[in-house]
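Atoms within each ligand, like the ligands themselves, are counted from 1 in listed order. Note that the structure is a prediction, hence the values are computed from the model and not measured.
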Amino acid sequence: MGKLLFVNLSTGEITEEKPDEKLYRDFVGGYGIGARILYSRQNAGVDPLGPDNIFGLITGPLTGSPAIGGARYQAVAKSPLTGGWGDANSGGDFGPYLKFAGYDGVFFTGISEKPVYLFIENGRAELKDASHLWGKDTYETEDTLRADHGKKSSVICIGPAGEKLALVACIITHKGDAAGRSGLGAVMGSKKLKALVAKGDKKVPIADMETANRLRTEQIADLKESGFLERFHFYGTGGHGDWSAHSGDTPVKNWGGIGVIDLPDVSGLHKDKVIATLDKRTGCWRCPAACKGILKAGTGEYKYPAGNHRLEYETIGAFGANCANTNVESIEMASHLCNSYGMDTISAGGIIAFAMECYENGIITKADTDGIELTWGNHRALVAMTEKMVKREGFGDILADGVMRATERIGKGAEEFSVHSGGQEMGMHDPKMENPMIPAGKGAIVMYKMDATPGRHTQDFGPHGFMNHLNNAMGTCMIIFLWPTARGPYVQRMINAVTGLDRSMDELLTAGERIANVRHVFTLREGINPLERFIHPRIIGRPPQKEGPLAGVSPDLEAHIYWNLGALDWDRVTTKPSRNKLLELGLDDLAEELWPPQETPQFDQPPWAK
Ligand code: SF4
């Protein structure tokens, strides 16, 4: 759309910028453009919950285009959870709608005096009072705003968890699609920014619509023939919770257990149980996979309302095997609580698992937990504590800022069970397992430690990650991207058809590399060297498990890091990208900042030279 919005929440000033084509060429979109803008306009060391932390929401060139899965937007800011670069990614339809409203992205600075939301319609933006929405959950917020602005609008918002600055708070759209990671819901809360509403009928310009549509048709045919679409449509991402719990894919009992031993019966997580109360299948904007689903109201022990989202794999893993829990309805209830209060389910499940292990080891007792018996697999306790956490009540208040902060607050040796990476709870794929469905594969071992947003599994570290950075910047879905023919040449042809540029694959991958460098240098500038970042030894198999599918697996993390740093041309001690690498990528300002010109050293003349 060629336009970005900048909103100062302290003054209420709204300005529009038309970046030159170079920004789009070099950084593509999404967190690529986000990283470039935050690096240039934000100082190091700002308070992540203060007025100077810039919070951005950005689409990619393929968002709102005929590209399959072109439904994503990304949120960016300095992460209050890790203190370094933070981003989160969501589907739904907000990304396309933001473009229909006329903008590629919106950036916020400052803090509003009272709760507000931003309404954007056909190239006009206005801050509106959100006092009546403050304290409301995400479901009610979305319903209220869509009633006010019409069904043809799209809403993203935070819930009470974000308002109360829970550092694992997230941003929700469609009552359950989450931009979950990095604690960016707390950044919105700190700015008193309750929501955004996007609406409009502007056309996303497509340079060569005929080719873009043909590529879409070809790709759908390929995905159908492979069975990929059908599988994801029918079961979503939650079709293998039982298998994953036993194969070594999903972590078990706070990453310390072994599925086949600690959780011998995983039939409760079978895919048919996950869709047992499914009402209808849905999906993100124009996605043929439509891998999402809406549940009927809970009629058993857990009375969640109709409209609760079908469980995603990550949520099943976090509240399921990782807590030794196989009761699907309780996971649905916990997911509903997280979605309606606006909390990341991955982090929330990881926190409950940590608390359960502390409880097992007597570090916390019923006296600490408001009488809740936090024993492994106790699904009632899991739901009760999740409710306390999203509301920041009682012991839930101790937990609501993530495992790292809870460890500090609890003390008494809780660090032994403090499974996180640099402050963020891990994604639900154990990187010790060679899993062909994870983009990172074993590279995840390095990524959980080294990536600018640690705790992810959807990216990769080193040159293998460039394609994933490109995908995220383009605004397309990582699930579709799992399918091999959705990567590589398809991406190149689609992005050229949409933008009208004639870019080689090398050029696009270089953009991915450029993005990787800026994200990383942003974190370095905050004083974080990932080599010094804490990562719980269980994640990397130290010591290795003695039994089960991962018995004896203890990857050589240091070797992975060593070779990847070399391949990136980043220093193997400081992890600073070399000056030459930064200049080669056109990141001259980063090169100057990281490698300021040195004065030629002056030495006393040796006696023999006098
Ligand atoms: S595959 Fe699923 S998550 Fe991805 S765009 Fe389609 S519906 Fe959304």
Checklist outcome for this item: For Arg72, the atoms of ligand 1 under 4.0 Å from one of its heavy atoms are 3 (S)

Item to check | Side-chain H-bond candidate by donor/acceptor type, Glu332 with Tyr304, under 3.5 Å | outcome: yes

Item to check | 4.0 Å heavy-atom contact, Met478 with ligand 1 | outcome: no

Next on the checklist: If you take the centroid of each ring, where Trp contributes its six-membered ring, are Phe94 and His174 closer together than 6.0 Å?
Outcome noted: no

Checklist entry - Which ligand 1 atoms are under 4.0 Å away from a heavy-atom of Gly283? => result 7 (S)

Checklist entry - Nearest protein heavy atom to atom 2 (Fe) of ligand 1, by residue and atom, and its distance? => result Cys291 SG, 2.3 Å

Checklist outcome for this item: Judged by heavy atoms only, the candidate from Gly91, Ala71, Cys287, Pro288 nearest atom 6 (Fe) of ligand 1 is Cys287

Checklist entry - Would you call Lys273 and Glu329 a salt bridge, taking side-chain N to carboxylate O under 4.0 Å as the test? => result no

Item to check | Protein contact to atom 8 (Fe) of ligand 1 [nearest heavy atom, distance to 0.1 Å] | outcome: Cys284 SG, 2.3 Å

Next on the checklist: If I take every N, O or S atom of Cys477, is at least one of them less than 2.8 Å from atom 8 (Fe) of ligand 1?
Outcome noted: no

Next on the checklist: I want to know whether His429 and Tyr313 have ring centres closer than 6.0 Å.
Outcome noted: yes

Checklist entry - How are the rings of Tyr448 and Trp255 set relative to one another: parallel (under 30°), tilted (30 to 60°) or perpendicular (over 60°)? => result perpendicular

Checklist entry - Relative to the ring of Phe100, is the ring of Tyr97 parallel (under 30°), tilted (30 to 60°) or perpendicular (over 60°)? => result tilted

